[in-house]
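Working notes for the structure below.
No experiment lies behind these values; they were computed from the predicted model shown. Counting starts at 1 for both ligands and their atoms, in listed order.
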Amino acid sequence: MTQTEFASHQDHPIWWQRGVIYQIYPRSFQDSDGDGIGDLAGIMARLDYLVALGIDAVWISPIFPSPMADFGYDVANYCDIDPRFGTLETFDRLVAEVHRRGVRIILDYVPNHTSDQHPWFRESRASRASAKRDWYIWRSSKPDAAVPCNWLAEFGGSAWQWDDATQQYYYHAFLPQQPDLNWRNPAVRDAMLDVLRFWLDRGVDGFRVDAIHHLFENIELRDNPINPDWREGMSPARRLLRTHTIEQPEVHDAIAAMRRVADSYGPDRLLIGEAYLPIERLVAYYGSDLSGFHLPFNFHLIRTPWNPTAIFKLVESYEAQLPKGGWPNWVLGNHDRPRLASRIGKAQVRVAAMMLLTLRGTPTMYQGDEIGMADVPIPPERVRDPWEINVPGLGLGRDPERTPMQWDASRNAGFSSVEPWLPVAADYVETNVARQAADRRSVLSLYRDLIALRRREPALSIGDYEAVAATEHVLSYERRLDERRIRIILNMSGIAQQLSPQVGAKGRLLLSTLRDREGEDVDIRSLDPDEGVIVKLR
Ligand code: GLC
Ligand code: MG
C-alpha cells in the first residue's frame, strides 16, 4: 500500500482504526449474583478496570437466551438477554454506562445456526408442511437410507441429524442442538437482518459475526472430498475437505446485506467477521469494493510458528494481500484457542503484547491475556465444552481458556462468591489483576502502557508499516507517520541477542518490556532475553 492510498485513513481515521478491542467472555468475566456464572451486572462493575486499561471497545460473546449446549452460541431468542446474564433493562444500562465512559460495545451475532430450542426451529420441525420448514435445511435420506451426504459436523459425527417425527434429516455444521438456518430463504434473511436492527436501535456499535464462512452449503449436497493430509490425532471433522460446506459464493451477498444494515445507522458501526481462513481466502471477506466486513478477523498470529522469520513473512504476505483501502487487524487469542501464555510460554507474553499493539491493524485482546493467564487443566469431571465431551482426548476442548478471570487473591479469585462453573487457575493468588495493577513491572502495567503509548503516538496505530529485518531470534519493523519513525525490536528468544547496526536503534526509548530506561536516549545494540523495545528514532 502506498502512502497516498492511506492518506484518508491517516487524515480521518475511524475509531476502530485507532482503537483496541477487548473480548469479554461473559460467563467467566465477573459473577455478581452468586450463581458461579458471570453476568452483565458483573461487567458493569468492572467497567472502570477496562477504562483504566485503556481499551476502546468491548466485544461480548453471546448473552442471548440459550440452553447453553454451546455456551450461548446456540441462541434460542436473538432479541432478548438470557436470565443468567440479566435482562434487556440491565443491558440498556450497560450500554449507557459503557458509552458514558467513551467506550463502544460490540455484540456477537450468530447467523449460521439457532438453538434447536428456538421457536423457529420448533415450528420448522413440527411437520413437513410447517410454514417454517424451509427456514432450516431438511433432507430425506438417500434410497439406501444412508445420510443425505457425507458432510461432517465440526464438533464430531455426521452433520445430519435424524428427526423421527418427520422422517427427515436436518443439517448442523456444529452440534445437533445448533441446526443451520437456510439463508437461501428470503424470510430467514429478513428476520436475521431485523436482529441487527433490534440491537443497533438499542445503541450497539457493531457486531462480531460468528462462523460466517459456514453460512451457505452446496445446494446439491455434493459429497466433500477426502482430505489427504488428515492424520490420526487431528479433529475427525478434518477427515474431509470442506469444499461444499464452507465459503460458498452466496455468502458475500449476505454479508453485504448485513453491512448495508450497519451502514444505515452511520459510518462508525463496525462489522467483524469470524472465519479461520488462509490469507488469500480471508481477504475476500472485505467484499468487492469493501462492501463486506470492515475487519475479517486475522487469526494468523495464533497459528503461525512463534519465530521472527515466520512472523515477518506473515506480516509481509498479509500487507501485500489486503485489498485497496482494507484495514488490517490482529488477534492473539480468544475463547476458542489455547491461551497465548500456554502456546508461546510465559516469558514471551510481553513480547507478544508489544507486537500486537504495534503491528499495523486493529488489535483484539482476549480477557485475561493482559495478566498473562495460562490454560487451566480441567479435571475430567469438570469438563463442560461439548467438543471435548464428543471428541475427547485430542486437545480440542476449549474449557482451559474459558476459566474465570483472576481479579484478586480472595476466594474464587474475586470472580464469584460460589464455586465457579469452571475451575479457577491454581496460580490465581500470584496471577491476578489486583496484584499486577500495583506493580509497574507486571504484564498488566505493560499492556496499559502499550495501549496508552499507542494512543499518544498515532504512528503506532495509523502509521505505515516498514519491515526492517528478521533474524533467527529478532524481529524488527518500523511504524512511520509523516516524519516520525518508531522502531520496534523484539527478541523472540530466551537468549540475549547482539543486534546488527541495521537492526539496532538510536533514539528515545518509548517502552521496554523490562520496564527500564524509558524516556532515556538510548543506543540499542543488544537485547536481553525475551526483551522488546520501542524506540523513537532520531
Ligand atoms: C464460533 C465460536 C465458537 C462456537 C462456534 C459455533 O467459532 O467462536 O465458540 O462454538 O462458532 O457457533
Ligand atoms: Mg451470575
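Ranking protein heavy atoms by distance to atom 2 (C) of ligand 1, first place goes to Asp210 OD1, 3.1 Å. The shortest contact between atom 4 (C) of ligand 1 and any protein heavy atom is with Asp70 OD2, 3.3 Å. Of the protein's non-hydrogen atoms, Asp336 OD1, 2.7 Å is the one closest to atom 9 (O) of ligand 1.
Listed by number with element, the atoms of ligand 1 under 4.0 Å from a non-hydrogen atom of Arg398 are 3 (C), 4 (C), 9 (O), 10 (O). Heavy-atom proximity to Phe155, at under 4.0 Å, picks out these atoms of ligand 1: 10 (O). Contact atoms of ligand 1 toward Phe174: 5 (C), 6 (C) (distance under 4.0 Å to a heavy atom of the residue).
With hydrogens and angles ignored, the 3.5 Å screen pairs a side-chain donor or acceptor of Thr362 with a backbone N or O of Trp16. A distance-only check finds no donor-acceptor pair linking the side chain of Trp135 to the backbone of Ser124 [under 3.5 Å].
Atom CZ of Arg202 has more than 12 neighbouring heavy atoms from other residues, nucleotides or ligands inside a 6.0 Å radius.
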Stepwise side-chain hydrogen bond (donor to acceptor under 3.5 Å, both in side chains) test for Thr364 and Asn329: CA-CA 8 Å; Thr364 300; Asn329 76 91; 5.4 Å; no
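The structure places OH of Tyr169 at 14.5 Å from CH2 of Trp151, a figure rounded to the nearest 0.5 Å.
Between the choices His335, His113, Glu274, His214, the shortest heavy-atom distance to atom 7 (O) of ligand 1 belongs to Glu274.
Aromatic ring orientation, His335 versus Tyr366: tilted (interplanar angle from 30° to 60°).
Heavy atoms of Glu154 stay at 4.0 angstrom or farther from ligand 1. Heavy-atom distances between Arg208 and ligand 1 reach below 4.0 Å in at least one pair.
We find that Lys346 and Asp427 are joined by a salt bridge, their nearest charged nitrogen and carboxylate oxygen being less than 4.0 Å apart.
Residue-level proximity to ligand 1 for Arg402 is carried by the side chain, the only part with a heavy atom below 4.0 angstrom.
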